[in-house]
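In this text the structure is predicted, and so the values were computed from the model without any measurement. Position 1 is the first residue of the sequence, and the numbers go up from there.
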Amino acid sequence: QVQLVESGGGLVPAGGSLRLSCTVSGRTFSSYAVGWFRQAPGNEREFVAAINRGGSYTGYADSVKGRFTISRDNAKNTVTLQMNSLKPEDTAVYYCAAQARVSYSRLANDYNAWGQGTRVTVSS
């Protein structure tokens with residue numbers, strides 16, 4: 001089982017950018033697909049972005065498409081979420097998750113390893 005640690009959250013004005021990182025422990029990182037999810041107060045956890053094991057395929061929620069970019073560096077066991085043109089509605093706790101069952105997934109239930117989350121607050 002891998003362990004995940006997110007970093008990079010914070011307070012940013014609308015229109016600004018943040019870069020979230022997810023560091024994954026374990027020597028088999030390249031066997032895991034990784035996703036980012038977020039949960040705003042009073043809301044359910046929702047899909048944000050995902051990347052397959054090799055980094056060749058990515059997917060995004062419609063609400064972030066064109067503004068967020070997910071990438072991975074298998075040599076450094078890291079996944080990055082670059083967030084540009086942030087909006088107040090992007091305010092949430094962002095979670096990184098990993099799973100080795102399927103090569104790519106947008107479904108939270110497919111993921112069996114989760115980080116503790118990092119808070120992102122976008123001021124209007």
Problem set entry | CG (N109) with more than 12 external heavy atoms under 6.0 Å | no
Exercise. Quick one: does T91's side chain have a donor or acceptor within less than 3.5 Å of a partner on V122's backbone?
Worked result: yes
Exercise. Roughly how far, to the nearest 0.5 Å, is the CZ atom of R101 from the OH atom of Y32?
Worked result: 13.5 Å
Exercise. Hydrophobic clusters join Ile, Leu, Val, Met, Phe, Trp and Tyr when side-chain heavy atoms are under 4.5 Å apart, directly or via other members; which others share one with L107?
Worked result: none
Exercise. Looking at OG of S30 and CG of N74, how far apart are the two atoms once the value is rounded to the nearest 0.5 Å?
Worked result: 5.5 Å
Exercise. Residues two or more places apart in sequence or in another chain: which of them pass side chain to side chain donor-acceptor pair (under 3.5 Å) with T80?
Worked result: none
For this session: Go through the steps to decide whether Y104 and V102 satisfy the test side chain to side chain contact (heavy atoms under 4.5 Å, CB included), and finish with yes or no.
Result: CA-CA 6 Å; Y104 170 86; V102 295; over 6 Å; no
Exercise. With a distance cut-off below 6.0 Å to the six-membered ring centre and an angular limit of 45° from the axis, does R72 pair with F29 as a cation-pi contact?
Worked result: yes
For this session: Evaluate whether atom CD of Q3 has more than 12 neighbouring non-hydrogen atoms of other residues, nucleotides or ligands under 6.0 angstrom away.
Result: no
Exercise. Are V93 and V34 linked, directly or through other ILVMFWY residues, by side chains that come within less than 4.5 angstrom of each other?
Worked result: no
For this session: Specify whether Y95 and W114 have parallel, tilted or perpendicular ring planes, treating 30° as the upper limit for parallel and 60° as the lower limit for perpendicular.
Result: perpendicular
Validation: residues 45-56 side-chain donor-acceptor distances under 3.5 Å, sequence neighbours left out:
| unit_1 | atom_1 | unit_2 | atom_2 | d |
| --- | --- | --- | --- | --- |
| E46 | OE2 | R38 | NE | 2.6 |
| E46 | OE2 | R38 | NH2 | 3.1 |
| N52 | OD1 | G55 | N | 2.9 |
| N52 | OD1 | S56 | N | 2.9 |
| N52 | OD1 | Y57 | N | 3.0 |
| N52 | ND2 | S56 | OG | 3.0 |
| R53 | NE | S31 | O | 3.1 |
| R53 | NH2 | A100 | O | 2.8 |

Problem set entry | V79 reachable from F37 in the ILVMFWY side-chain graph, under 4.5 Å edges | no
For this session: Keeping to residues at least two apart or across chains, list the disulfide (SG to SG under 2.5 Å) pairs with something in residues 41-78.
Result: none
Exercise. Within the side chain of Q99, is there an N or O that forms a donor-acceptor pair under 3.5 Å with the backbone of N112?
Worked result: no
Exercise. Looking only at atom types and distance, does a side-chain atom of N77 sit under 3.5 Å from a main-chain N or O of G26, one as donor and one as acceptor?
Worked result: yes
Residues 7-24, side-chain donor-acceptor partners within the protein, below 3.5 Å, at least two apart:
| unit_1 | atom_1 | unit_2 | atom_2 | d |
| --- | --- | --- | --- | --- |
| S17 | OG | N84 | OD1 | 2.9 |
| R19 | NH1 | Q82 | OE1 | 2.9 |

Exercise. Nearest 0.5 Å, what's the OG1-NZ distance between T58 and K65?
Worked result: 10.0 Å
Exercise. Taking all atoms of both residues into account, what is the closest heavy-atom pair of Q1 and A113, and its distance?
Worked result: NE2-CB, 3.8 Å
Seminar exercise, completed: Minimal heavy-atom distance between S103 and A33, with the atoms involved, is O-CB, 3.3 Å
Exercise. Do other residues, nucleotides or ligands put more than 12 heavy atoms under 6.0 Å from R119 CZ?
Worked result: no
For this session: Please name all residues satisfying salt bridge (Lys or Arg N to Asp or Glu O under 4.0 Å) with R67, sequence neighbours left out, ordered by chain then number.
Result: D90
For this session: Using atom types as modelled and distance alone, determine if a side-chain donor or acceptor of Y94 lies under 3.5 Å from a backbone N or O of Q39.
Result: no
Problem set entry | Flag if over 12 foreign heavy atoms under 6.0 Å of CD, E44 | no
For this session: Give a yes or no answer on whether the side chain of Y111 reaches the backbone of S105 with a donor-acceptor pair at less than 3.5 Å.
Result: yes
